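Please read these numbers as outputs of a predicted model, since none were measured by experiment. Both backbone and side-chain heavy atoms feed into the values below; hydrogens, waters and symmetry mates do not. Each chain gets a letter, A, B and so on, in the order its sequence line appears, and its residues count up from 1.
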There are 2 protein chains.
Amino acid sequence: MTTASSKKSDTNRQKIIAAAFDLFYHQGFNQTSFSDIAEAADFPRGNFYYYFKSKDELLKEVVQYQVERIKQMIEVWDRASSDPAERLLFLAKMMEESRDDVVRYGCPLGTLTAELGKTQLGLQQEAVHMFDVLIDWVSARLNELGYADQSRILAMHVIARIQGVTTMASAYSDSAFMDYEIDNIRAELTRLANRDQ
Amino acid sequence: MTTASSKKSDTNRQKIIAAAFDLFYHQGFNQTSFSDIAEAADFPRGNFYYYFKSKDELLKEVVQYQVERIKQMIEVWDRASSDPAERLLFLAKMMEESRDDVVRYGCPLGTLTAELGKTQLGLQQEAVHMFDVLIDWVSARLNELGYADQSRILAMHVIARIQGVTTMASAYSDSAFMDYEIDNIRAELTRLANRDQ
DNA sequence: GTCTATAGAGGGATAGAC
DNA sequence: GTCTATCCCTCTATAGAC
C-alpha cells in the first residue's frame, strides 16, 4: 500500500510521538522509559516495538514531529506580516508565550541537543534539525534586510541569545530575568532591522 | 577527630570527586554509573559507599569541588589586574581556553544545571552555586563600574550570553561560531565598561 | 494486529568477609 | 578500612500466545 492510510495504528503512532515529545522535554530523553511513554499515551508497554524499531527511531520521529510544528508556527508568522522586521519580532512573542514552560524546563530544543551531544552524537545531529528550521528562517529574513553573507551567522547569534536566556532563567527559575531579556532581544532585533548594511 | 586529616581515604575521595566531575561533564549525571566512576578513579565498585552516602551526596561534593576551582580561577584574574574593566575581559579569555571542550561537550555548568532541572530540582539548586560564584564576581565588577542596582541582572545577562554561545556552538560543533561570539562578548564587556551610568 | 510474559543487561545500594 | 558478592529494581528488547 503506497497511499497514506488512516488506520487506528496511525493515530496511535501520533499519540505516542506527542506523548514522547512532552516526556523528553520534561524528563530528558535518557530518563524517559517505555513505561513512561506507554502510560502517558495509554497503550501496553510491550506494544512499543510494533510501532517503532527502537528508542532511537522514536526520537527521530519525535524530532520530525517537532520540526513540522515549528514550520507551522513560522507559517503563522509569515501570514501575519510580510515585513521582515516585523516578522523577526515574532521570535520575542514566541519567548513570551513559552515563558512559563521555559522557566521550568528550559528550551525543548536546547536541552535535548545538549543532552544528546554528550554521548549520542548521531541523535544530536537529528535533533539539530529543529534548530535548522529556525535558523534558516531567521537567516532568510536577515538576508531580506540586506545582511547578505552575514545573515547566517547573525541568525545563529540571535538563536544563541535566546538559548542563553532560557538556560539562565530555568537555572534560577527566574521569570523576571526572562521578561527582562525578552525586551533586550526585541530591542536587538529592532536594531538589526534598522541598521543599514 | 576534629582536625583535618590526610589519610589515604582523603586522597581517594578527591580522586573520586575529580573523576566524577569529568564523567558528569562528558556523559551527564544520570548517564554516569558507579562502575564508570570506579573504573576512572581506579577503585572497587562496592567501595563507593564507604566514601559517599549516595550518588546525590557525591554530586554535592562535586559541585563544591567545582565551586572551589572557579574561585581559584577568579583569584588568578583578580591578581592579574585591579581594573574592573580589564578583569571582566578574563571571561572572554576563559571562553577561549575552554573552547574545544565547550564545542564538544557544552558548558559544564549549563549542561549540568539543565539536566538536573528536569526532574531533580533539589540537586539543581546545589549545582546553581557554581553559577553564583561567577555572577557574584561579575556583579561586583559591574558595581565598581557604577551600575549599582542594575549590576546583578547585567551580570546574569553576561553569563546568559556565554551560555547561549556554548549551547549553539556545541549543538553544531562549530568552533568558528564560538570564536565569532567570543569577539562579540569581548566587545560587549568593553561597551559595558565604557558607558557611563 | 494486540497483548503478556520474560529474557538479559545494568542500575543503585547493602551485607558481611577479610 | 578495604573489597567481594549479591540483592532488588528498572531498563531495553524479544518471543510467542491470542
To the nearest angstrom, the CD-C1' distance between B:Q27 and C:dG10 comes to 14 Å

Listed pairs, N/O of protein and of nucleotides 6-8 of chain D, under 3.5 Å:
from	atom 1	to	atom 2	distance (Å)
D:dT6	O4	B:R45	NH2	3.3

Hits for side chain to side chain donor-acceptor pair (under 3.5 Å) against A:W137, two or more places apart or cross-chain, chain-then-number order -> A:D78

Sorted by position of nearest nucleotide on DNA chain D, 5' first, the leading residue of A:G46 and A:Q31 is A:Q31

When rounded to whole Å, the NZ to P distance for the pair A:K53 and D:dT12 reads 18 Å

Separation of C:dC3 atom P from A:F34 atom CZ, nearest Å, is 17 Å

Atom CZ of B:F43 and atom P of D:dG1 are separated, to the nearest Å, by 17 Å

> Would the B:F34 and B:Y49 ring centres measure less than 6.0 Å apart?
Replying inline: yes

Test your reading of the model: is there a side-chain donor-acceptor pair from A:S98 to the backbone of A:D101, 3.5 Å cut-off?
no

Rounded to whole Å, CZ of A:F52 lies from P of D:dT14 at a distance of 16 Å

Separation of C:dA13 atom P from B:Y49 atom OH, nearest Å, is 3 Å

Subject >> Pair B:E188-B:H157, side-chain hydrogen bond (donor to acceptor under 3.5 Å, both in side chains): steps then yes or no >> reply: CA-CA 11 Å; B:E188 177 161 3; B:H157 167 84; 2.7 Å; yes

Tell me whether B:K55 forms a cation-pi arrangement with B:F29, defined as NZ or CZ under 6.0 Å from the six-membered ring centre and within 45 degrees of its axis. yes

Residue set satisfying side chain to side chain donor-acceptor pair (under 3.5 Å) with A:Q163, at least two apart, ordered chain then number -> none

